[in-house]
Novice: 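I'd like to ask some things about the structure below.
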2 protein chains.
Amino acid sequence: MPRTTGHTHVTGDPEELHAAAAVRLGADDQRYTSGRRALVELLADAPHPLTVAEVLERNEGLTQSSVYRNLAVLEATGVVDRVVTEDEFARYELAEDLTGHHHHHLICAGCGGVEDFSVPPDLETAMDEVFHKVARRSGFSVGHHRMDIIGWCATCRT
Amino acid sequence: MPRTTGHTHVTGDPEELHAAAAVRLGADDQRYTSGRRALVELLADAPHPLTVAEVLERNEGLTQSSVYRNLAVLEATGVVDRVVTEDEFARYELAEDLTGHHHHHLICAGCGGVEDFSVPPDLETAMDEVFHKVARRSGFSVGHHRMDIIGWCATCRT
DNA sequence: ATTTATGCAAATCGTTTGCAAACCT
DNA sequence: AGGTTTGCAAACGATTTGCATAAAT
């Protein structure tokens with residue numbers, strides 16, 4: 001299931017977002033239940049990727065195990081992306097190819113906090129070409145790339 | 001303790017490598033014990049970052065808990081780097097600024113396998129400038145960056 | 001009705017830790 | 001001796017899973 005072609009990007013309208021999510025779930029015979037809709041809403045509103053703990057703080061009606069299960073379903077259907085940081089918590093955000101907003105992460109090695117940023121398109125393209133060339137040479141197919149900064153935020157710098 | 005300046009890079013001589021490791025440990029009042037030396041040797045010989053399980057397979061004389069403890073010490077003193085992939089296992093390799101070999105990772109989303117690659121110096125520099133600019137704007141200090149490819153290796157492509 | 005999702009509690013598993021013995025210096 | 005490291009076994013904690021109930025089609 002290629003996730004980089006043929007999809008409509010969501011521009012910012014919540015309706016459109018939910019519709020797109022429903023479509024992707026439906027394509028995999030999955031239902032867009034209230035629990036899953038709640039997750040998509042939380043992630044759409046969050047200014048950065050959320051941990052499961054943060055999800056549960058923001059919506060106390062949700063159950064931990066269902067959140068884990070639903071995030072797995074949403075990830076498998078291309079509605080959310082899992083973000084790996086340096087700490088032990090998985091974080092989730094709306095899938096890039098759903099929002100159409102390609103970006104990278106500033107990750108704080110102290111608190112695990114995450115902030116988004118982008119790089120100039122020409123550089124992004126140049127790097128992409130290198131990535132594909134490198135992958136081809138090694139027999140890899142490119143899924144996506146990570147171009148993240150690991151550092152210390154103003155607070156954690158001590 | 002800045003880890004990007006003032007250090008001598010190891011070119012390939014095992015003696016030099018161990019000497020450099022000993023120096024870094026000593027700077028933090030840590031001893032270069034046989035268990036730690038064994039880890040450095042394993043990582044120096046490995047063609048890719050190793051998980052703890054792989055370390056234990058390659059040297060059955062080592063104990064799991066000591067391996068974890070020693071990897072933590074080696075990481076804190078800048079002798080090894082922890083590599084975060086998409087799977088649940090931490091991987092370790094000799095620190096970049098110890099080997100002087102800056103590189104990136106091709107990570108297989110299927111088996112978690114890791115392969116190294118580098119990008120042209122001019123691109124690396126251009127990206128670095130962007131990273132520093134972005135970080136400054138957000139009040140972050142840059143530790144290091146990740147520019148990794150997540151994909152599927154020839155075997156896992158199915 | 002039948003299939004799928006949920007909530008609770010228990011299990012999983014990589015990693016961490018307490019403590020006594022072994023090791024350095 | 002005095003402090004550090006090690007090995008074993010027990011503890012931790014994020015995530016997963018079994019199973020009975022609730023919800024959706």
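A, B, ... follow the sequence lines: proteins, then strands. Residue 1 opens every chain. Hydrogens, waters and symmetry mates are skipped; everything else that's a heavy atom, side chains included, is used.
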Novice: Considering only heavy atoms of chain A and a distance under 4.0 Å, specify the first and last nucleotide of DNA chain C in 5' to 3' order that meet this criterion.
Specialist: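 Listed 5' to 3', the contact boundaries are C:dT3 to C:dA9.
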Novice: Could you tell me whether the side chain of B:Ser118 reaches within less than 4.5 Å of the side chain of B:Glu124, counting heavy atoms only?
Specialist: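 A side-chain contact is absent here, since even the closest heavy-atom pair is not under 4.5 Å.
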Novice: In the structure I gave you, are the side-chain heavy atoms of A:Asn59 and A:Val55 within less than 4.5 Å of one another anywhere?
Specialist: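 No, every pair of side-chain atoms sits at 4.5 Å or beyond.
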Novice: Not counting sequence neighbours, list each pair that qualifies as a ring-ring contact (aromatic ring centres under 6.0 Å, His included) and has a residue in residues 118-149 of chain A.
Specialist: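 Qualifying pairs, neighbours excluded: A:His102-A:His145, A:His104-A:His145, A:Phe131-A:His145.
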Novice: What residues form a side chain to side chain contact (heavy atoms under 4.5 Å, CB included) with B:Ser141, not counting sequence neighbours?
Specialist: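 Expected list: A:Trp152, A:Arg157.
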Novice: Expected output is a numbered-order residue list: members of residues 82-91 of chain B with a heavy atom under 4.0 Å from any atom of DNA chain C. What is it?
Specialist: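 Listed by number, they are B:Glu88, B:Phe89, B:Ala90.
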Novice: The criterion is side chain to side chain donor-acceptor pair (under 3.5 Å); which residues satisfy it with A:Thr63, sequence neighbours excluded?
Specialist: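 Testing A:Thr63 for side chain to side chain donor-acceptor pair (under 3.5 Å), a comparison that skips the adjacent residues, returns none.
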Novice: Using the C1' atoms of five pairs at each end, what's the angle between the two axes of the helix from C:dA1-D:dT25 to C:dT25-D:dA1, to 10 degrees?
Specialist: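 Between the first-five-pair axis and the last-five-pair axis there is 30°.
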Novice: Hey, does B:Leu39 have a side-chain heavy atom less than 4.5 Å from the side chain of B:Tyr92?
Specialist: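 Result no, sub-4.5 Å side-chain heavy-atom pair not found.
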Novice: Is B:Leu50 close to B:Arg58 at the side-chain level, that is, under 4.5 Å between some pair of heavy atoms?
Specialist: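 With C-beta onward as the side chain, the pair touches.
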Novice: Can you check each nucleotide of nucleotides 19-25 of chain D against protein heavy atoms at under 4.0 Å and return B for base, S for sugar-phosphate only, - for none, in 5' to 3' order?
Specialist: -----S-
Novice: Describe the nucleic acid contact of A:Asp29 in one word from base, sugar-phosphate, nothing, applying a heavy-atom distance below 4.0 Å.
Specialist: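 The answer is nothing, as A:Asp29 stays clear of every strand by at least 4.0 Å.
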Novice: Do any N or O atoms from the side chain of A:Arg82 and from the backbone of B:Glu86 form a donor-acceptor pair under 3.5 angstrom?
Specialist: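 No.
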Novice: Excluding sequence neighbours, so at least two apart, what forms side chain to side chain donor-acceptor pair (under 3.5 Å) with A:Gln64?
Specialist: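 Residues passing side chain to side chain donor-acceptor pair (under 3.5 Å) with A:Gln64: none at all.
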Novice: Check whether any side-chain heavy atom of A:Glu129 lies under 4.5 Å from a side-chain heavy atom of B:Leu123, and answer yes or no.
Specialist: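 No; the side chains remain at least 4.5 Å from each other.
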Novice: Apply side chain to side chain donor-acceptor pair (under 3.5 Å) to A:Glu93 and list each qualifying residue two or more places apart in sequence or on a separate chain.
Specialist: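 Expected list: A:His103, A:His105.
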Novice: Should B:Asp116 and B:Pro47 count as side-chain neighbours, where that means a heavy-atom distance under 4.5 Å?
Specialist: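 With C-beta onward as the side chain, the pair stays apart.
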Novice: I want to check something: taking the side chain as every heavy atom from C-beta on, are B:Leu25 and B:Leu74 in contact at a cut-off of under 4.5 Å?
Specialist: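 Counting from C-beta outward, B:Leu25 and B:Leu74 do come under 4.5 Å.
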Novice: Can you pull the ring-ring contact (aromatic ring centres under 6.0 Å, His included) pairs that have at least one residue in residues 27-63 of chain B, sequence neighbours excluded?
Specialist: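 Every ring-ring contact (aromatic ring centres under 6.0 Å, His included) pair that includes a residue of residues 27-63 of chain B, provided the two are not neighbours, is B:His18-B:Tyr32.
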Novice: Between D:dG13 atom C1' and B:Tyr68 atom OH, what is the distance in whole Å?
Specialist: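 Result: 14 Å.
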Novice: Please list, by residue number, the residues of residues 41-67 of chain B whose heavy atoms come closer than 4.0 Å to an atom of DNA chain C; answer none if no residue qualifies.
Specialist: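 Residues of residues 41-67 of chain B under 4.0 Å from DNA chain C: B:Gln64, B:Ser65.
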Novice: Got a sec, which hydrophobics cluster with B:Val84, joining ILVMFWY side chains under 4.5 Å apart, including via others?
Specialist: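 Under the 4.5 Å side-chain rule, B:Val84 groups with A:Val84.
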